[in-house]
Structures are given as C-alpha cells and as structure tokens.
Amino acid sequence: MNVTTGLRAAARVAGAVKEYGVGDTRVRALDGVSVEFPAARFTAIMGPSGSGKSTLMHCAAGLDTLSEGHAYLGDTELGALDDRRLTLLRRERVGFVFQAFNLVPTLTVRENITLPLDLAGRAPDQEWLADLIEVVGLGDRLGHRPSELSGGQQQRVAVARALAGRPEAVFADEPTGNLDSRTGAEVLGLLRRAVDAMGQAVVMVTHDPTAAGHADQVLFLADGRLVDTMDAPTADRVLDRMKDLDRGAGR
Ligand code: ADP
C-alpha cells in the first residue's frame with residue numbers, strides 16, 4: 001500500500017457538514033469543511049473552544065458520521081459503510097491517542113501495545129513492533145504495568161499502541177493535555193518520528209501552540225469553518241494567529 005509516498009491523503013473530508021440537535025437547539029458544528037490529511041505529514045487542528053475541532057477529528061476518523069459531505073479513509077468513503085464495516089475499517093486503518101492515555105491497568109506495557117491487534121485477531125508484524133518499541137524507548141519497560149510508569153511513558157505506550165497495527169492515520173486528541181511540558185515534548189517528538197521515520201499521517205487536535213509547533217501544517221477552525229492554514233508552523237506564529245481568532249470569536 002502506498003502510504004509512505006507523502007502524496008496520498010491518508011484521510012480527508014470534502015464539504016463536511018455536521019449538525020447536532022434539531023430545531024432551535026440545532027448546532028452546525030462543521031459548516032462545509034474540506035481538508036486532506038496526507039501520509040507522512042503531521043497536521044495540527046486548532047481553533048477556539050467550540051470551533052469544531054473534535055467534531056472534525058471524529059468524523060474524519062469514522063467515530064462519528066457527517067450530516068452532509070464525504071469522509072474518506074484512503075479511498076474508502078465512510079458514509080457508504082454500515083456500522084460493522086466501519087468498525088472493522090477503523091480497527092485496521094486508524095490509530096487513536098487520547099488525552100487520558102486509556103491504558104488497561106492490569107495488562108503489561110507489551111500487552112497494552114498489542115491489545116488492538118489481539119482484539120482484531122491479527123498477528124503483530126514482529127519487525128514493526130520491535131522498531132516501534134525502540135522508537136518509543138520502552139524496551140526495558142515491556143513487563144511493567146501502566147501504574148509503574150510516568151505520565152509521559154504511559155502516553156508513549158498509548159502512541160505505540162496506536163501505531164502497532166500500522167494504521168494509515170493516527171488521530172490524537174489533546175495528547176499532551178495531561179503532561180508537563182518536558183514529557184509533553186517527548187510525546188510530540190515521538191509523534192514526529194512516527195511521521196518522519198514510519199510515514200504515518202498524524203492528525204492532532206490541540207490548543208497548545210507549542211504542541212502545534214511540532215506539526216508540518218496547522219489548520220485553524222472557527223465556527224465550524226476552516227479559516228486559515230499555516231505550513232511549517234512555529235509556536236510564536238501559531239500563538240499570534242490564535243489570538244486573532246479568539247478576538248474574532250469574541251472570546
Ligand atoms: P471543539 O473541539 O473545537 O471545542 P466541538 O467539535 O467539540 O468543538 O464542538 C463544536 C460545536 O458542536 C460546539 O458548539 C458544541 O457545543 C457542539 N457539539 C459537539 N458535540 C455535540 C453533541 N454531541 N451534541 C450537541 N452539540 C455538540
């Protein structure tokens with residue numbers, strides 16, 4: 001599969017509209033968004049609270065469905081799939097990293113990393129797994145339980161778990177939200193390596209300009225619309241842009 005060329009969109013949405021609720025309580029969380037998440041590229045999604053970042057990520061990752069428009073993982077259109085096929089597709093082609101790590105406390109580090117594969121009845125690619133464990137720097141912790149690890153180490157396990165099945169895209173929702181700046185930087189460095197060394201598409205929702213500074217491109221949302229993009233971002237430039245958006249949103 002052609003996931004490491006950098007040319008192919010690992011995930012994309014076209015004309016994405018998402019509405020919640022009905023009548024007076026209806027909210028248009030996405031209002032016609034078209035974006036691509038290319039392979040071997042690290043994309044950060046930013047914007048004021050309520051601007052639609054999580055909704056965009058969930059719809060692009062197949063965790064939620066669009067009201068209008070189309071979402072694709074690779075060439076597969078998600079709207080055409082029933083729940084069962086969507087679940088299978090997600091399991092095989094998408095990795096997730098959440099703010100709260102979501103590791104299983106009774107399992108070892110190694111068992112946590114291979115859990116999604118075990119659940120899917122897939123044998124891990126041992127070479128990939130060995131590379132991954134080296135990249136995340138957890139080789140001497142494989143027999144430990146999550147409670148014996150620092151927050152940063154736990155999130156590194158979560159990143160390894162997301163990458164274990166060689167998904168086309170990894171979606172990370174505020175992955176450094178629970179970490180101090182040093183351990184946060186470790187996790188961001190790891191996501192960066194997943195992109196550079198392993199050709200993953202990484203899509204990260206964050207409100208932290210420093211975190212976004214590790215990405216290749218930043219997408220800025222406001223009121224459910226894509227209002228700006230920035231290539232080769234730096235934390236300072238991202239911060240300036242965020243201030244403008246916050247002012248625009250009156251927050
Ligand atoms: P962000 O991640 O940027 O904070 P969200 O995508 O969570 O924004 O939310 C966008 C808008 O959609 C907000 O107005 C939010 O209140 C609304 N929204 C999100 N999820 C739901 C839901 N499940 N039901 C109703 N409204 C929702």
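Both ligands and their constituent atoms are indexed starting at 1 by order of listing.
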### Query
So does Asp140 have more than 12 non-hydrogen atoms from other groups sitting under 6.0 Å from CG?
yes
### Task
Name all residues meeting the salt bridge (Lys or Arg N to Asp or Glu O under 4.0 Å) criterion together with Asp31; count only those two or more places apart in sequence or in a different chain, and write none if there are none.
Arg28, Arg225
### Task
Please say whether Val27 places an N or O atom under 3.5 Å from an N or O atom belonging to ligand 1.
no
### Query
Which of the atoms in ligand 1, numbered in the order shown and given with their element, are less than 4.0 Å from a heavy-atom of Ser51?
1 (P), 3 (O), 8 (O)
### Message
Starting from atom 13 (C) of ligand 1, what is the nearest protein heavy atom, named by residue and atom, and what distance separates them?
### Response
Gly50 O, 3.8 Å
### Query
Short N/O distance, under 3.5 Å, between Gly52 and ligand 1?
yes
### Message
Students should be able to answer this: which protein heavy-atom is nearest to atom 25 (C) of ligand 1, and at what distance?
### Response
Tyr20 CB, 3.3 Å
### Task
Could you tell me the residue and atom name of the protein heavy atom closest to atom 3 (O) of ligand 1, and the distance to it rounded to 0.1 Å?
Lys53 NZ, 2.8 Å
### Message
Give me the residue, atom name and distance of the protein heavy atom closest to atom 12 (O) of ligand 1.
### Response
Ala29 CB, 3.3 Å
## Note on the structure
The atoms of ligand 1 lying under 4.0 Å from a heavy atom of Thr55, numbered in the order shown, are 5 (P), 6 (O), 9 (O)
### Query
How about Arg110: does its CZ atom have over 12 heavy atoms from other parts shown lying under 6.0 Å from it?
no
### Task
Starting from atom 7 (O) of ligand 1, find the nearest protein heavy-atom neighbour and note its residue, name and distance.
Ser54 CB, 3.9 Å
### Message
Please determine whether a side-chain nitrogen of the Lys or Arg among Arg41 and Asp196 lies less than 4.0 Å from a carboxylate oxygen of the Asp or Glu.
### Response
no
### Query
How are the rings of Phe96 and Phe98 set relative to one another: parallel (under 30°), tilted (30 to 60°) or perpendicular (over 60°)?
parallel
Would you be so kind as to tabulate the donor-acceptor pairs closer than 3.5 Å made by side chains of residues 121-129, with sequence neighbours excluded?
{"unit_1": "Arg122", "atom_1": "NH2", "unit_2": "Gly165", "atom_2": "O", "d": "3.1"}
{"unit_1": "Asp125", "atom_1": "OD1", "unit_2": "Glu127", "atom_2": "N", "d": "3.1"}
{"unit_1": "Asp125", "atom_1": "OD1", "unit_2": "Trp128", "atom_2": "N", "d": "3.2"}
{"unit_1": "Asp125", "atom_1": "OD2", "unit_2": "Arg166", "atom_2": "NH1", "d": "3.1"}
{"unit_1": "Trp128", "atom_1": "NE1", "unit_2": "Leu163", "atom_2": "O", "d": "2.8"}
{"unit_1": "Trp128", "atom_1": "NE1", "unit_2": "Ala164", "atom_2": "O", "d": "3.4"}

